[in-house]
Every structure is written in structure tokens, then in C-alpha cells.
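Report on one structure; see the data block that follows.
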Amino acid sequence: MKRTQHCNELRPAHIGQMVTLCGWVHSRRDLGGLIFIDVRDREGRTQTVFDPSDLPKELFERAAALRSECVVRVTGKVRQRPAGTNNPKIPTGEVEVMVKELEVLNVADVLPFPVDDPEVASKVNEELRLKYRYLDLRRPEMARNLRVRSKVATATRVFMDEQGFLEVETPTLFKSTPEGAREFLVPCRTNPGLFYALPQSPQQFKQILMVAGVEKYFQLARCYRDEDLRADRQPEFTQIDIEMSFIEREDIYALIEGLLQRVWKTALNIDVPVPFKRLTFEEALNRYGIDKPDTRLGMELADLTEDFRASKFKVFSGAVAAGGVVKALNAKGLACATQSQIETMTEYAKSFGAKGLAYIKVEKGADGATVEWKSPIVKFFNDAEKAALAKKLAIEEGDLILFAADQWLNACEILGKIRLYCADVLKTQGKLTIPTDRFDFLWVVDFPLLSFDKEQNRWYSSHHPFTAPVAEDIPMLKTDPKKVRGQHYDIVVNGVELGGGSIRIHQPDVQKTVFEEVLQIPPEMVKARFGYMLEAFRFGAPPHGGIALGFDRLIAILCNTASIRDVIAFPKTAKGTCLMTDSPGSVEPKQLRDLHLELKVAKKE
RNA sequence: GGGGGUGUAGCUCAAUUGGUUAGAGCGCUGCCCUGUCACGGCAGAGGUUACGGGUUCGAGCCCCGCCGCUCCCGCCA
């Protein structure tokens, strides 16, 4: 044994014992005649003391030469710290180790950035952190994230096992199914000209596992998507992937509510109330302007379509006459918004095809007593319209009212974006504070099964083509596809889409109809891409459904960090490179020949 | 593919309208210091201002290009 205790273990009960600790030199305080060295391992840190009156000169000099992050092994006697020198900031702060022996296991060069100072380290350029990821991960904050991730993974496996699920691994060398996200391709040496694709998700395998009679499947599955990255997206990521047979939507809701209860209890010791609220897709858009609402923010959208149907303000009445709606949002306390903030919001609106963004600033009038609506458009409103606004939006001094008049979906989404922007501004101004331990879970249900692609003039699956329609809507599949609701559900927490899933189509004929008649995929293409699934379904496919939760996002929420890079040990940059290993890299000509590949790009460097 | 932000000492940042030898804190090196825990004191070293062009008597600052990182839009069944 190299050590007797870890660095977060010693307490007054250990006083008098000889102990050996191993770890990194966290910080060194050399008082000349006396040296303090905090030894750190992943559990914590302990102060060790080098007293020259008690030690050979040679040993003391070696201690004096130690630098931050050298790896050491120290042996000495635990003792009570002298009165008044306790350090209440660390759990081992009542004791210290009087060193008798020091072994330098390894020296460290001067560091590119500090590991011991959370204030400084959290501000260090991420480029540097990624290049020296092993140093970044030594920081206690990052080590904590890794630990939360591991604990939650284990809690998930235990919970799913208790519920009777089998963890089954599925291939990561799959084949291309071009419907969804862009895929990573892997050339196949043994079959010249053919390619594997890395799976976007184990979707098809998990459904086949249901046909195979597994009944309850789960997997912490690695998934791959070759799309542009974001703070919450990496090219390879992990899902808690789940599929069950002989179930309905309610069974999935109950299962996931139980799982998330267990996870929140494990990671944060928080008891999450169940069942979660449910919102239909339509209601989510109507009230929040987005299909993953952050209900902590308040500021719900109001509908003023009927109030402005006959308005003299043609932008509003015209939109209603064209079959659209008038929606408004009260950004409480934002009347002070700057011109550039209004500008930003207007740009948002314009990017969605609006001509501009109507607003009213509700401020004190010139006389200092009355409240005045300052707006270029308010002169067009009659008293009834003003009264409707005041009532539906509960207008008070200091408010900023924002409008969107457009087709329903567009109007909702514009204000949805602006609502989030306003919330950010209010947060920065300190007018909106949300406790970090508040978690608003909700299910969003009744999504439209299909969406229309104007450019390609065809319907496509909102979720994926295996999603079952709501049974009573099936007759409308061919007559009125827009109205068909899917048995699809999303789980949302604090405005983050944590996961989604659906009850699947298990009848081969319905699946064939969706592929060929609704999605208009040519039969031969259906056969080539999904033939084995349709075939499998002919041999007795049980009704089934499932869900997938974004594991990285889940951990990021639990760790209260905005970027999933902070909860992935070795993440990639926004361009998909790894700054530590310098991947992706070039390969030798022989490797290309083996793969029957020829490059058409100029070799870099 | 598009838009925004950013790049100055090892790290975090500053540098007035384009004007002297590009500064500070931390870190580092040396010396001093026996109760520190952000130890303290004295001294010192450390710069291709990401990179390549251009304008100018003069560029960290202005212009063009390019690269990295980052955020957002598109994209992510």
C-alpha cells in the first residue's frame, strides 16, 4: 500500500496516528523556517507541515524545492492544529500531518494555468483547458462533474435493473440511413466501396430487440451525428436509450418520472414531485412560443387575435384577415430596454420573416404622475383595444409590451425567442432571479406527426418515421396529414429538451403506408433501407415504444453548467477537433489503399 | 454555409485620437522570513501584440486576408 488514507479523511479522531498520504502539491507556503504543503488527491486536501528542527536538512531542502502539482508521498504523525490555526474552509482543517518522510514520486513542470485557484481557473481560455485537459480535470470542480456523471450512470443502471430492464449493447458500426442527421461514414476494407455509418441512435436495433422478445431494453448508448456543434451538442454523445413492449404512453411517463426522481435524489438529494405537468404542443406554443418551455420565467404570451380583428392598425387586422393571429408578450420591468436591445429583438423578429417588431414602453409621463404608453403604434388603438391589452397583459408602469402578428406558428415562435431574450436581459439586470435548486419538469405531448417541407413539397416526420399516429387520427393520414397527432412525447426541464420518444408503429402495413404514401419514399428505397425492419415486423412484432434521454445534457443540468463540454472528459471543439490529441489526423497512403479510397483534397501541411 | 464575440508576458487583463522604451496583478527565478492556508517582504527575468499583407513619418490600435477558440442562425428524422 502506497497510502494509508486519502486526503479528505483525517479528522481529530486520527490524532497521534502515523499516516501516509499520496497526492499532488496543491499549494506551498514556505515561511523560511517552516513549510506548509497542502497535499491534494481527488477526495480533498490535507495540510502537511515540515519543521526543520525535527527533520534532516536534506529532507527539508527537498520540501523547499517542491513546486505546484509535483506528486508526493508523505508520512508523518497526525496532530491537532495549534489553537487559532484551524482552517474551517476544508474538512480536514482541524488537523495537520507533521512530516517525517517525503518521497517525491514525480516532479511537475511549471503549469500552463493554475489548478489550485477556482477563481482564475474558471476564467482560463477554454482552448488552453482543452489542450491540457488532464490538468483541467484535476480541478476540483471538474472532478466533481465526472463524479456526478459516474454516480448518475450507476443510479440509472440500478434503477433500470430494478424495473426489469436488460442492458443490451448494439452495434456502432451500422449502415447509412440518410433520413435523419448527417452521419459519420466508415469505409469497409473487406467490402471495397462499401461503408458503415456510425448510428445517430440505436433506434432501429432497439425496435428489433422488441421483436426479439427482450420486452424491456435500455442502454447508455454512444451516438454520433455529423452536424454543426453547439454548447449542448457534441459529435459523439451519450443517451439513456429505452424501449418497452406492451405499453402505452402513460407507462413511459411513469417510468421516466421514477428514473428522474432517483437521479435527482442521487445527485442533488432533491425530492422531485411527480407526476410532471403535461402540456400539449399547441398549448406550449400558445403560452410560451416554444415546444420546450422554461416555465420558471413566467411572462406567458397572450392572444389578442379577436381584439384586433377589426383594428384600424392594418398590420394587426391584416394579419388576422389573412388567417393569422395577434400575440403579445409583457416583458415585466423592461420598459428601460435600450435601443440596441429593441434592435436585437427586432432582428429576431425579422429573421422569422416579420417586417418589424411592434412594442409599447409603459413609463411615467412627462408630468411624473400619470402612466404613459410610449409607442409609435398606440395612436391607432381605440379604447376597447387598449382595455383588452391592459387586462390580458396586466400592464403596469415599467413594462415592455411586444407584439407579433403573423401565421400562428410564426407569431408564437417569434415571441418565444423574444421571451427568452428578455429573460436573459432581466437576469443580467437582477430583476429576475431563479433559485438554482428549482427544476420545472414537464411533458410536451400531442406533437403533429408530420411537418410540411415547402422546398421539397412533401411531408416529413416531425420525430421519426416509426412514430405511431394517435389511433383515432389514423384515418386522416391520407386525407388531412396536417391534423394527425403523433404518439410522441418530449421531457423538458427548465427549458431544456432532456429527451423524447414515442409509441412506435408495430404493424407492417401501417409502417409501409407511412413510408410510401405519406412520406413518399420510393418502395425500392424503403426496401433497401428499412426492408429488414418491415420483414421483422411480419414475424410477430409486439406493440412497443420508448424514449431517449440526453445523458450529457442531464448531467450538465445537475452540475449547473451551460456547456456539456464541462461534463465530458474529453470533448471536442466547435469544429469537431480534439486539441489534446490533435484529432482528426491524416493517414498513410497505404491505409487509404487498403480502404480503396483516393483523396481529392490537397494534403494539409 | 451565414452572423456576432474574441486573440497583447506562462495565466487574467490594461494600454486616451494612430505617437516615448507595450504596463498591472497572479505565476516563475533568486534572496529573506517558524503558524501559514490568496502567507508576507525585497530584487529580477519574461513580449514576433495569433499569423500574412496593406495604409502611414509612425500601427497592439485603421484596412484587407487568414487561422484558432467561442456563442447564435441554418442544420440536428
Side-chain angles (χ1 to χ4, degrees), chain A residues 26-38 45-54 60 64-65 67-69 81-90 92-93 96 98 109-132 135 177-183 199-201 203-204 223-235 237 344 347-348 350-352 417 420-421 424 449-451 453 459-467 486 488 497 500 502 514-515 519 521 529-530 548 550 562-563 565 572-575 577 579 604:
Chain A
H26 188 70
S27 71
R28 183 185 45 139
R29 296 173 295 280
D30 185 346
L31 274 58
L34 196 61
I35 301 172
F36 297 97
I37 285 177
D38 284 359
R45 57 190 160 103
T46 301
Q47 173 166 284
T48 66
V49 189
F50 294 77
D51 186 340
S53 63
D54 200 29
F60 190 78
R67 240 200 318 253
S68 281
E69 299 303 311
R81 291 198 188 193
T85 64
N86 284 9
N87 184 356
K89 289 183 204 162
I90 56 174
T92 59
E96 61 191 9
M98 287 299 292
D109 280 353
V110 175
L111 303 172
F113 60 89
V115 170
D116 62 334
D117 187 338
E119 293 280 317
V120 177
S122 63
K123 283 164 71 184
V124 169
N125 189 346
E126 191 163 1
E127 200 173 342
L128 208 62
R129 291 175 51 203
L130 289 172
K131 180 168 180 188
Y132 300 96
L135 294 180
T177 53
E179 265 68 32
R182 189 182 300 115
E183 299 159 319
Q200 315 166 25
S201 80
Q203 182 63 36
Q204 294 175 48
C223 308
Y224 307 86
R225 292 180 191 171
D226 187 10
E227 298 288 353
D228 287 343
L229 305 183
R230 293 281 192 284
D232 62 352
R233 282 192 231 154
Q234 284 274 300
F237 60 100
T344 303
E347 285 309 309
Y348 254 138
K350 284 184 177 170
S351 73
F352 277 83
K417 289 270 188 197
L420 293 178
Y421 177 80
D424 274 344
L449 182 72
L450 301 158
S451 308
D453 183 336
W459 293 95
Y460 64 94
S461 302
S462 304
H463 182 48
H464 60 50
F466 314 113
T467 305
H488 169 70
E497 183 194 327
S502 60
V514 168
F515 278 141
L519 301 178
I521 304 174
R529 285 187 195 151
F530 306 108
S563 165
R565 290 188 300 274
K572 294 189 171 50
T573 69
K575 275 199 153 179
T577 65
L579 298 179
K604 277 194 175 177

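By convention in this document, chain letters (A, B, ...) are assigned in the order of the sequence lines, proteins followed by strands, and residues within each chain are numbered from 1. What's counted below: heavy atoms across the whole structure, side chains too, no hydrogens, waters or symmetry copies.
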To the nearest angstrom, how far is [X] atom [atom1] from [N] atom [atom2]?
{"X": "Glu179(A)", "N": "C76(B)", "atom1": "CD", "atom2": "P", "answer": "12 Å"}
{"X": "Gln234(A)", "N": "C69(B)", "atom1": "CD", "atom2": "C1'", "answer": "14 Å"}
{"X": "Gln47(A)", "N": "G35(B)", "atom1": "CD", "atom2": "C1'", "answer": "8 Å"}
{"X": "Leu420(A)", "N": "C72(B)", "atom1": "CG", "atom2": "C1'", "answer": "13 Å"}
{"X": "Leu229(A)", "N": "G1(B)", "atom1": "CG", "atom2": "P", "answer": "14 Å"}
{"X": "Arg29(A)", "N": "G40(B)", "atom1": "CZ", "atom2": "P", "answer": "11 Å"}

Determine the Euclidean distance between corresponding [atom1] atoms of [M] and [N]; express it in Å to zero decimal places.
{"N": "G68(B)", "M": "A50(B)", "atom1": "C1'", "answer": "8 Å"}
{"N": "G7(B)", "M": "G47(B)", "atom1": "C1'", "answer": "15 Å"}
{"N": "C72(B)", "M": "A9(B)", "atom1": "P", "answer": "27 Å"}
{"N": "G23(B)", "M": "U16(B)", "atom1": "P", "answer": "13 Å"}
{"N": "G10(B)", "M": "A45(B)", "atom1": "P", "answer": "16 Å"}
{"N": "G27(B)", "M": "G40(B)", "atom1": "P", "answer": "7 Å"}
{"N": "C61(B)", "M": "U8(B)", "atom1": "C1'", "answer": "11 Å"}
{"N": "C73(B)", "M": "U12(B)", "atom1": "C1'", "answer": "31 Å"}

Sequence neighbours excluded, which residues qualify as salt bridge (charged side-chain N to carboxylate O under 4.0 Å, His left out) partners of Glu69(A)?
Arg40(A), Arg138(A)
Could a donor-acceptor pair under 3.5 angstrom be found where the side chain of Arg233(A) meets the base of C76(B)?
yes
Check this for me: does the side-chain of Glu127(A) come within 3.5 Å of the base of U70(B) through a donor and an acceptor?
no
Side-chain N or O of [X] versus OP1/OP2 of [N]: is the shortest distance under 4.0 Å?
{"X": "Ser27(A)", "N": "C37(B)", "result": "no"}
{"X": "Lys417(A)", "N": "C73(B)", "result": "yes"}
{"X": "Arg81(A)", "N": "C37(B)", "result": "no"}
{"X": "Lys131(A)", "N": "C69(B)", "result": "no"}
{"X": "Arg28(A)", "N": "C37(B)", "result": "no"}
{"X": "Ser201(A)", "N": "C76(B)", "result": "no"}

Start with the C-alpha distance between Leu579(A) and Arg129(A), add both sets of side-chain angles, then the distance that settles side-chain contact (heavy atoms from CB on, under 4.5 Å), and finish with yes or no.
CA-CA 9 Å; Leu579(A) 298 179; Arg129(A) 291 175 51 203; over 6 Å; no
Phe515(A) vs Phe530(A) aromatic rings, parallel, tilted or perpendicular, using cut-offs 30° and 60°?
parallel
What's [X] touching, base or sugar-phosphate or nothing? Going by heavy atoms closer than 4.0 Å.
{"X": "Arg565(A)", "answer": "sugar-phosphate"}
{"X": "Asp30(A)", "answer": "base"}
{"X": "Glu96(A)", "answer": "base"}
{"X": "Asp109(A)", "answer": "nothing"}
{"X": "Thr85(A)", "answer": "base"}

Pairing check on [N]: which nucleotide meets the Watson-Crick or G-U wobble criteria with it, both distances under 3.5 Å?
{"N": "G30(B)", "result": "C42(B)"}
{"N": "U56(B)", "result": "none"}
{"N": "A14(B)", "result": "none"}
{"N": "U6(B)", "result": "G68(B)"}

If we ignore angles and hydrogens, is there a donor and acceptor under 3.5 Å between the side chains of Arg529(A) and Gln204(A)?
no
Any donor-acceptor N or O pair under 3.5 Å, side chains Glu183(A), Thr177(A):
yes
Counting only side-chain heavy atoms from C-beta out, which of [options] sits nearest to [X]?
{"X": "Arg230(A)", "options": "C73(B), U36(B), C28(B)", "value": "C73(B)"}
{"X": "Arg225(A)", "options": "C75(B), U36(B), C76(B)", "value": "C76(B)"}
{"X": "Glu126(A)", "options": "C69(B), C28(B), G35(B)", "value": "C69(B)"}
{"X": "Phe36(A)", "options": "G35(B), C75(B), U34(B)", "value": "G35(B)"}
{"X": "Ala231(A)", "options": "G35(B), C71(B), C69(B)", "value": "C71(B)"}
{"X": "Ala574(A)", "options": "C76(B), C37(B), U70(B)", "value": "U70(B)"}

Taking it one step at a time, do Arg233(A) and Asp228(A) satisfy salt bridge (Lys or Arg N to Asp or Glu O under 4.0 Å)?
CA-CA 8 Å; Arg233(A) 282 192 231 154; Asp228(A) 287 343; over 6 Å; no
Taking for Pro465(A) and for Lys575(A) the nucleotide of RNA chain B with the nearest heavy atom, the one nearer the 5' end belongs to Lys575(A)
Taking Gln234(A) for the side chain and Arg565(A) for the main chain, is one N or O donor matched with an acceptor at less than 3.5 Å?
no
Could you check whether any side-chain N or O of Arg28(A) sits under 3.5 Å from a backbone N or O of Ala64(A), counting only pairs where one atom can act as donor and the other as acceptor?
yes
Go along nucleotides 6-13 of chain B 5' to 3' and tag each nucleotide: B for a protein heavy atom under 4.0 Å from its base, S when only backbone or sugar atoms are that close, - otherwise.
----SSS-
Working for side-chain contact (heavy atoms from CB on, under 4.5 Å), residues Glu347(A) and Thr344(A):
CA-CA 5 Å; Glu347(A) 285 309 309; Thr344(A) 303; 5.6 Å; no
4.5 Å side-chain heavy-atom contact, Ser68(A) and Val115(A):
no
